[in-house]
Structure formats: structure tokens, C-alpha cells
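These notes are about the structure you will find just below.
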2 protein chains.
Amino acid sequence: MENVDSPQSDLQRRSSRQRDAVQHVIEQAQQPLLPPEILTLAQAALPTLGIATVYRNLKILLDAGEVKAVELPGESTRYESAHRGHHHHFHCNSCQQVFVIPGCPPDLDQFAPKGYKVSRHELTLYGTCAQCMRGAG
Amino acid sequence: MENVDSPQSDLQRRSSRQRDAVQHVIEQAQQPLLPPEILTLAQAALPTLGIATVYRNLKILLDAGEVKAVELPGESTRYESAHRGHHHHFHCNSCQQVFVIPGCPPDLDQFAPKGYKVSRHELTLYGTCAQCMRGAG
DNA sequence: GTTGTTGCAAATCGTTTGCAATGAT
DNA sequence: ATCATTGCAAACGATTTGCAACAAC
């Protein structure tokens with residue numbers, strides 16, 4: 001059960017073009033990205049970049065609090081910048097795109113049962129985006 | 001891209017001990033269950049039951065609206081009864097258990113941007129459950 | 001020079017599928 | 001008798017890992 005390869009907190013970090021490229025791609029993106037999308041985008045700068053390195057650095061950046069994981073039912077994990085302020089997501093059932101909803105409904109955390117301590121929450125809305133509503137999707 | 005094995009709507013359904021067992025286990029459970037958990041529990045009644053059959057019947061039951069999928073970040077999909085009324089989930093970071101939170105905060109759907117039509121939403125709270133807060137976890 | 005990092009390929013995990021046998025209608 | 005369903009094993013897609021070469025310090 002030892003995780004030999006994953007980042008260990010007592011490990012010294014060194015800078016690398018690959019990690020910088022992954023982070024840069026995520027910072028630039030307007031929506032959460034899938035690992036293969038990150039790979040493709042980052043390969044523009046580093047053609048030899050491999051998918052394993054993308055995953056390794058995603059884990060490191062996640063660990064470092066630089067990126068956040070976005071999970072949507074039935075889909076693989078996407079990644080987004082952690083420096084965008086608190087927000088939630090809207091998943092369009094028609095075009096499958098994921099949109100950012102800025103802000104947050106109030107009092108979500110008070111909704112937990114008594115005695116439960118809430119440290120974070122996640123809210124996802126599903127439906128049809130404005131563009132698809134107009135018939136474009 | 002044809003999905004030969006998955007349930008097709010124009011297929012006649014027959015009853016089976018296996019499907020009944022899977023559904024029964026889910027109805028009895030107090031929390032959403034993982035497929036291997038469902039397998040183990042159902043094997044009490046049907047020792048030869050295989051994991052593939054569990055997945056097949058989960059898909060059928062999902063399709064029939066009998067069960068619902070519950071997705072939690074970083075974990076594989078759990079399944080719960082669809083006959084429990086609308087609710088949300090609390091994931092304990094300490095004991096890793098998933099708890100049901102009855103009810104729903106108001107106005108979540110109004111939170112979507114103008115022009116977006118919301119058909120459903122999902123809210124998950126993360127933190128420490130009451131039991132783990134008391135030091136049991 | 002030490003040791004974190006990479007790229008590749010092989011391994012792993014959860015899930016799905018092909019197929020011949022079985023069971024419900 | 002039909003044809004949906006099963007169990008098994010093989011296949012699959014996403015993610016992780018071992019390892020030798022490489023690069024940052």
C-alpha cells in the first residue's frame with residue numbers, strides 16, 4: 001500500500017519545464033480541463049511530454065494547492081486553477097461543456113446535520129446551457 | 001460504437017434472482033454502496049453471483065429509475081435507492097463514510113446564470129462526521 | 001554528485017464485453 | 001422454443017508505477 005511514486009511531503013521539489021507547462025495550461029484555460037486536453041495543449045510547448053508526467057504533476061500541483069479537481073458524474077476528473085475564487089459548475093447535458101458559475105449560494109454549510117463539521121462543499125447544476133437553449137446544441 | 005450488452009429500451013425484461021438480490025441489497029442499505037460491497041452483500045444469498053452481473057443489473061436498475069448513482073470526487077460510483085426522496089450527501093474525510101443529508105437548501109437552481117435551464121443538481125458536503133468529531137475516527 | 005523528474009512501457013483498477021451455457025417466458 | 005440473463009475470462013479506458021536516463025540543485 002506504499003505509494004512510491006506519488007509526491008511525498010518530505011520530498012524536495014525542483015522546478016521543471018513539464019510542471020510549469022501543465023500549470024500554465026491550467027491557468028490559461030477558461031474551463032476545467034481533462035488530462036488528455038492538458039497533455040495536448042502542453043505539448044505545443046513540449047512535444048515529448050507524456051501523459052504519465054501530466055498525471056504526476058497534476059497530483060503535485062493538487063497537493064501544493066495550485067490546482068483543484070473537478071468531478072462530474074460519469075466523467076473523468078477535470079482540473080482547474082485554484083486561484084479563481086470560490087465557484088461552482090454547470091454541466092450542459094446537450095453540449096457536454098462545463099461552465100463556471102461564479103459565487104456561491106449562502107448557508108450551504110449550515111445544511112449539515114448537527115455535530116458534523118463541514119470543511120468544504122461542492123455543488124453542480126445540470127441542464128441546458130443558454131446557447132443550447134437557443135437551439136445551437 | 002454499438003453497445004451490444006447494455007440494456008436496450010426495446011428489450012423484454014425477465015425477472016432474475018440476481019437482479020432482485022442487487023436491488024434488495026440497495027433498498028436495505030442506509031448509505032450508498034460500492035459495486036464490490038453490493039456484490040459481497042448479495043453473495044450471501046447468491047454465492048455464485050459475479051461482479052459483471054452486478055454492473056449489468058445496476059445499469060438496468062439505473063435505467064429503470066430504481067436506483068441512483070452517487071459520485072464522489074476521487075472515488076468510484078456508489079449506488080443508492082431512488083425511492084428515498086431528494087437528499088444530499090456528506091462525506092467524512094476521516095472515516096470515509098458517506099452520510100445522507102435529508103432535504104435540500106432552497107433556491108439552489110436559481111443560482112444558475114440567466115438563460116440556463118437547470119434540470120437537476122448535486123450537492124456534497126465534506127468534513128468530519130459527528131462520530132469522528134468525538135474522536136472515534 | 002545527489003536525488004527529484006521524465007518518458008516509456010507494463011501494471012493496475014474499475015468497468016464493460018464476447019461468448020457459450022442457463023433460465024424465464 | 002425463444003431469447004434475456006448469467007458467469008467467466010478477456011478487453012477496455014483511465015490512472016499509476018518501475019525503471020533507467022536525464023536534469024536541477
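Worth saying up front: this structure is predicted, and the values here are computed from it rather than measured. In what follows, chains are A, B, ... by sequence order, proteins preceding strands, each numbered from 1.
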Quiz item: Any luck finding a side-chain donor-acceptor pair between B/Glu122 and A/Thr124 under 3.5 Å?
Solution: no
Listed nucleotide nearest any side-chain atom of [X], set [options]:
X	options	result
A/Ala52	C/dT6, D/dA9, C/dA9	C/dA9
B/Lys59	D/dA14, C/dT16, D/dT6	C/dT16
A/Ser15	C/dA9, C/dT6, D/dA24	D/dA24
A/Arg19	C/dT6, C/dA24, C/dC8	C/dT6
B/Arg14	D/dT6, C/dG7, D/dT2	D/dT2
A/Gln12	C/dG4, C/dT17, C/dT25	C/dG4
A/Ser76	C/dT6, D/dA14, C/dC8	D/dA14
B/Gln18	D/dC3, C/dT6, D/dG7	D/dG7

Please find the pair of heavy atoms, one from [X] and one from [Y], that lie closest to each other, and give the distance.
X	Y	value
B/His88	A/Phe111	CD2-CE2, 4.1 Å
A/Tyr79	A/Pro35	CE1-CG, 3.7 Å
B/Leu108	A/Pro105	CD2-CG, 4.0 Å

Quiz item: Which residue lies toward the 5' end of DNA chain C, A/Thr48 or B/Pro35, if each is placed at its nearest nucleotide?
Solution: A/Thr48
Quiz item: Looking across every strand, which nucleic acid part, if any, lies under 4.0 Å from A/Pro36 by heavy atom: base, sugar-phosphate, or nothing?
Solution: nothing
Quiz prompt | Sugar-phosphate, base or nothing in reach of A/Leu49, heavy atoms under 4.0 Å | solution = sugar-phosphate
Quiz prompt | Pair A/Glu80-A/His89, side chain to side chain contact (heavy atoms under 4.5 Å, CB included): steps then yes or no | solution = CA-CA 11 Å; A/Glu80 67 181 7; A/His89 298 100; 2.9 Å; yes
Quiz item: How long is the span from the CD1 atom in B/Ile38 to the CZ atom in B/Arg78, to the nearest 0.5 Å?
Solution: 10.5 Å
Starting at [atom1] of [X] and ending at [atom2] of [N], how long is that distance when rounded to a whole Å?
X	N	atom1	atom2	answer
A/Arg17	D/dC22	CZ	C1'	13 Å
B/Leu46	D/dC8	CG	C1'	16 Å
A/Asp20	C/dT6	CG	C1'	14 Å
A/Ile60	D/dT16	CD1	P	12 Å
B/Gln43	D/dT6	CD	C1'	14 Å
A/Asn57	C/dT5	CG	P	8 Å
A/Arg78	D/dA14	CZ	P	12 Å
A/Asp63	C/dG4	CG	P	15 Å

Quiz item: Using a cut-off of less than 4.0 Å, is there contact between a side-chain N or O of A/Thr53 and OP1 or OP2 of C/dT6?
Solution: no
Quiz item: Can you check whether B/Arg13 has a side-chain N or O nearer than 4.0 Å to OP1 or OP2 of D/dT5?
Solution: yes
Practice problem: Classify the side chain of A/Arg56 and the base of C/dG7 as holding, or not holding, a donor-acceptor pair under 3.5 Å. | Solution: yes
